[in-house]
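Comments concern the structure below.
Note that this is a predicted model, so its numbers are computed, not measured.
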Amino acid sequence: MRLKVLAIVVILVVVAALAASYVQHTRSQGSRTVLQLSPPAPSTYSAVAGQQLSLYIPSPAGYSAEVFLGNGSSVTVRGDYLTVSYRWPGRYLIYYALMKGGRVVASTSQELIEVLVTPNVSGRLSQEVSVPVIAVSGLNGTPVFDVGQRVSVFIGYLQPPSGQNMTIYKYFLSLGNGTTIEVSPRNYTAYLETGNYTYLRPSEDPVNVSFSEPGLYPLTLTIETLNVSSGQTFNYSYTQTVAVESRGLRFSMFKLDVDLPNPGTIVVAKNVPGGPFSFDPDIDYGNIGFEVLLNVYSTLVEYFGANTTKFIPMAAEYIPTVGNWSNVTARHLYGAISPNYTVYVFKIRPGLRAANGDPITAYDVWYSVIRDMLCAGGTPGTPGWILTQYLIPNYTPFTFVVTSPNDTQGAEEIVNAITYDNATDTVTFHLVRPVGPVAFFDALADPQGGSILDAKWLEEVGDGINLTGLYDHNMTQLAEAFYSYEQTCSEGSYNTAVQWPSGTSAGFTGPYYIAVYTPGQSVVLKPNPYWPTNITYFPRPNDTVIIEWVKDPTTAYELFASGQADIVTNLPTSYIPRLLQLESQGKAVIYSFSPSLLEWFFAFNLQVNESLLSQLNPAYHIPSWYFANPLVREAFAYAFNYTEYIDDIVGNVKYHFNFGSPYCGALVPGLDIYIPPSELTGCPTFNLTYAKQLLEESGFYNVSVYFPIVISSGDTTDYTAAQMWAAALHNIDPNINAVPMYLPQAVIEAYQVPGQNGLPIYYWYWSADYPMADDFMNGMYLEAGDYALPDGWNATYLENLSAYFNQSRVSYPGLSPSVEPEVGKWLWQEAVEYINMNNTIGVANYYDIAGNYTGAYELYRQAEQEAVSLYMYVYTIYQNALMVTKPYMHGYMGMISWQENPMWGGIDDYAYFWWVKG
């Protein structure tokens with residue numbers, strides 16, 4: 001451990017020497033500035049430790065730039081871009097000196113840029129380390145100090161190590177000048193005995209230091225943790241750059257554009273034409289509506305900052321614990337979890353009111369969960385399956401619990417799943433199998449399905465649940481009522497007052513309410529006047545939020561560039577040079593982070609509704625079963641140029657910016673289980689020769705088709721990709737005529753109804769409901785899944801289609817009768833493979849939720865391999881998240897991490913009560 005610290009110190013000494021060299025150059029030039037420079041523009045002000053960060057160095061031709069990275073090193077570059085990475089999280093100061101003929105002619109030392117690097121700790125290591133924190137404050141609250149000035153360095157940590165028998169053992173503070181200071185915790189053995197965190201605080205805090213030479217100094221705090229049973233130690237570090245100035249070398253922070261237009265109003269330009277599908281949290285399942293739901297409805301718990309495994313209470317007053325279970329009084333006062341993880345008790349926060357003034361109690365929470373379970377089988381797919389899978393025995397995701405008007409068993413299972421007590425204001429969940437707190441809290445934190453509704457308001461607008469049978473102990477009557485209510489959860493039968501609520505009379509239970517909704521164009525959110533002022537981490541908002549769903553990326557960009565919008569989202573990657581230019585002028589801030597848990601793909605429809613397709617364009621024609629042929633899908637997958645897509649169309653190489661990575665299979669980094677493509681076979685690559693061979697083998701080579709590849713409106717990047725793909729397909733088979741076509745996201749979502757999907761191929765995404773493997777596998781692959789079912793993935797359909805081909809009953813231009821029995825055989829085989837994959841996923845899900853990651857991993861790998869071999873999707877990009885704001889937009893409590901949680905920030909959604917304007 002100490003050898004590692006000393007190694008860091010040796011590297012850090014370099015910065016002092018570089019600073020001294022720079023001072024000599026500056027003096028030889030005098031105070032004259034040869035060129036007016038713009039400061040460096042990082043591709044993001046919020047990077048991830050160990051991942052690449054691109055710096056845009058706006059230097060003229062013929063000059064070189066020495067870039068000081070704030071970590072004790074510098075790099076000389078010739079050109080506009082530099083790619084760097086930081087090993088440790090921290091806050092790094094960056095500037096560059098312009099060089100010509102070995103002399104410094106200008107620098108940006110008085111325009112220091114700060115880059116926040118966030119931790120990147122694996123799930124297992126997170127139990128054994130603590131993430132350090134450093135706080136310093138120099139001139140005007142900035143990390144700039146004078147030579148000889150005392151610097152008070154406050155040291156600490158975010159959380160203690162969570163593993164068994166783990167404790168904080170040592171603090172090491174490297175000053176970046178060859179000196180390392182060792183500080184002990186106050187009494188780590190006492191912490192192990194009592195659990196009192198104060199014993200882990202450093203015995204010396206703050207640490208007071210000073211510097212005798214000017215330059216950038218990376219203060220690096222390393223925390224060594226100890227497993228007292230095994231004696232094994234672990235460490236993790238954090239760096240804060242400080243700038244020490246003298247008369248010959250001046251430092252100051254870059255002064256951003258701080259003009260504050262429209263104080264009290266946050267304006268958001270979203271390049272997602274058409275707006276959301278719904279504002280009903282038990283119906284909507286898209287990212288556009290998700291953002292509004294996140295702000296206008298409460299959930300019992302919510303994620304803490306960017307964490308996906310740590311939670312804070314929202315409508316619940318406390319986070320329940322196993323420790324409270326044995327004490328019945330504590331169980332009702334604070335909530336509790338049974339030791340076998342099958343019962344969860346939540347104490348509801350007192351004083352909660354909806355925006356219409358209605359009190360929100362345990363009854364409302366109970367009522368909301370009942371409604372969520374009733375809507376679990378709605379179409380298009382709904383989020384109710386997430387909670388229902390834990391509460392109903394042998395439940396199949398994306399199906400209704402009550403299967404008929406006389407299904408009394410289903411009705412009883414629903415009312416037995418959750419109970420409430422208004423006397424103690426508690427809600428109790430009765431789970432059908434053990435589920436760990438992280439997995440269960442994940443489900444409760446999702447506003448799509450986990451939102452708390454105002455039961456009184458639902459009844460007032462005609463959307464109440466008939467509970468007479470429950471109160472009369474008549475399960476037959478209750479089953480009839482539940483079955484009837486389930487029918488209102490599918491498209492065409494929604495209660496429009498709940499689908500599109502607005503105004504102060506509606507029952508919004510979150511920090512905001514929907515004041516005005518202009519369908520497909522904009523929504524205005526205003527602060528809930530009854531939101532409490534005493535909820536830790538959930539402040540009562542002060543700003544009105546205007547979200548505009550603009551028609552195209554040019555409009556969105558211009559609104560932002562002209563100062564009419566404070567935040568812009570979903571801009572195509574081709575806009576990054578313009579955004580970097582705004583950033584270098586102090587008119588924008590770009591944040592990029594990962595994992596986003598957002599993956600994009602082209603989806604095939606195996607059962608195209610030809611009638612609905614012709615409504616898009618009467619000239620379109622394609623057999624409904626065209627993409628049911630597995631060799632056709634495989635051929636299409638090999639006709640897509642993945643490298644050109646990532647490097648040039650998205651622009652990772654073209655724009656020197658990491659927008660994301662290619663991937664294969666649904667399970668991506670950031671989930672509890674990740675299957676790397678190296679463990680899968682058959683991941684397609686671009687190979688037109690092989691694609692043509694597959695088409696010829698499929699028997700569909702001579703079938704004439706004319707159809708759209710549907711892209712979300714405003715997504716010019718993937719429209720270009722569809723053009724590239726269509727040209728390649730036509731090249732290998734002139735009978736294939738595919739054309740890109742824009743449709744609003746809400747319209748694409750509306751097509752996702754079994755048997756009513758008229759889109760042959762469409763570009764779509766999956767973003768996490770919660771960061772576990774079963775969320776992705778269920779939604780994308782299961783027969784009843786949110787995407788698989790409306791895309792025709794149904795074993796019975798494939799078996800019947802196989803029989804249809806085997807009987808040589810197909811008559812379609814260009815299709816030879818001689819190949820029909822062969823196609824029938826392939827269809828039967830893929831039906832069998834698909835059934836096997838579904839069964840494998842079911843067992844893997846059980847292991848995953850139970851915490852048996854070893855067993856789950858192997859089964860998920862098998863299922864993932866089966867899905868890849870079926871070529872269900874053409875996987876394009878696992879996207880990095882990107883936030884673009886004005887410089888005056890800040891994170892709550894000064895931490896942008898509140899907006900960087902992959903559960904919402906990864907899909908360009910924001911919790912506006914955690915934004916601060918000004």
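- Atom CH2 of W898 is separated from atom CH2 of W915 by 13.5 Å, given to the nearest 0.5 angstrom.
- Paired with K917 under the rule side-chain hydrogen bond (donor to acceptor under 3.5 Å, both in side chains), one option of T265, D566, T885, D543 passes, and it is D566.
- Rounding to the nearest 0.5 Å gives a distance of 11.5 Å between CD of E900 and CG of N307.
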Please output the side-chain donor-acceptor pairs of residues 533-540 that fall under 3.5 Å, not counting sequence neighbours, one pair per line with the distance.
{"unit_1": "R540", "atom_1": "NE", "unit_2": "W531", "atom_2": "O", "d": "2.6"}
{"unit_1": "R540", "atom_1": "NH2", "unit_2": "W531", "atom_2": "O", "d": "2.8"}

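- Both the sub-6.0 Å distance and the 45° axial angle are satisfied by K100 relative to the ring of Y63.
- At a cut-off of 3.5 Å, with distance as the only test, no side-chain donor of T220 or S237 sits close to an acceptor on the other residue.
- In this structure, CD on E66 lies 4.0 Å from OG on S74, to the nearest 0.5 angstrom.
- Heavy atoms only, all atoms of each residue included: E302 and W914 are closest at CG-CH2, 4.1 Å.
- Ion pairing of K654 with D647 is absent here, as no side-chain N (NZ or NE/NH1/NH2) approaches a carboxylate O to less than 4.0 Å.
- Note that CD of E111 is 7.5 Å distant from OG of S38, once rounded to the nearest 0.5 Å.
- Under the 30°/60° scheme for interplanar angles, the aromatic rings of Y95 and F251 are found to stand perpendicular.
- Open room surrounds CZ on R78; 12 or fewer heavy atoms of other groups in view lie less than 6.0 Å from it.
- Exactly one of I181, L221, L219, V151 qualifies for a side chain to side chain contact (heavy atoms under 4.5 Å, CB included) with V207. That residue is I181.
- T108 places no side-chain N or O within donor-acceptor distance of the main-chain N or O of P39, the cut-off being under 3.5 Å.
- Rounding to the nearest 0.5 Å gives a distance of 4.5 Å between CD of E224 and OG1 of T233.
- In this structure, OG on S184 lies 3.5 Å from NZ on K170, to the nearest 0.5 angstrom.
- Distance alone, capped at 3.5 Å, places no donor-acceptor pair between the E583 side chain and the L580 backbone.
- Side-chain polar atoms of Y171 and D205 form no donor-acceptor pair below 3.5 angstrom.
- Between the N652 side chain and the G660 main chain, a donor and an acceptor come within less than 3.5 Å of each other.
- Side-chain polar atoms of T222 and N235 form no donor-acceptor pair below 3.5 angstrom.
- For the 3.5 Å distance criterion, the side chains of Q51 and S85 fail to qualify, holding no donor opposite an acceptor.
- Taking the centre and axis of the six-membered ring of F560, the NZ or CZ atom of K886 falls inside the cone set by 45° and 6.0 Å.
- Residue Q564 places its CD atom among more than 12 non-hydrogen atoms of other residues, nucleotides or ligands, all under 6.0 Å distant.
- With hydrogens and angles disregarded, a donor-acceptor distance shorter than 3.5 Å links the side chain of N880 to the backbone of N658.
- When each of T167, I223, N227, I168 is checked for a side chain to side chain contact (heavy atoms under 4.5 Å, CB included) with P161, only I168 meets the rule.
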Decide yes or no on ring pair (Phe, Tyr, Trp, His ring centres under 6.0 Å) for Y86 and Y92, but give the supporting numbers first.
CA-CA 9 Å; Y86 291 92; Y92 295 88; 4.0 Å; yes
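- Taking the ring pair (Phe, Tyr, Trp, His ring centres under 6.0 Å) definition, one finds that F154 meets it with nothing, sequence neighbours left out.
- For the pair N295 (side chain) and Y910 (backbone), a donor-acceptor distance under 3.5 Å is present.
- Between Y96 and F68, a ring centre-to-centre spacing not shorter than 6.0 Å is recorded.
- Around atom CG of N165, more than 12 heavy atoms belonging to other residues, nucleotides or ligands sit under 6.0 Å away.
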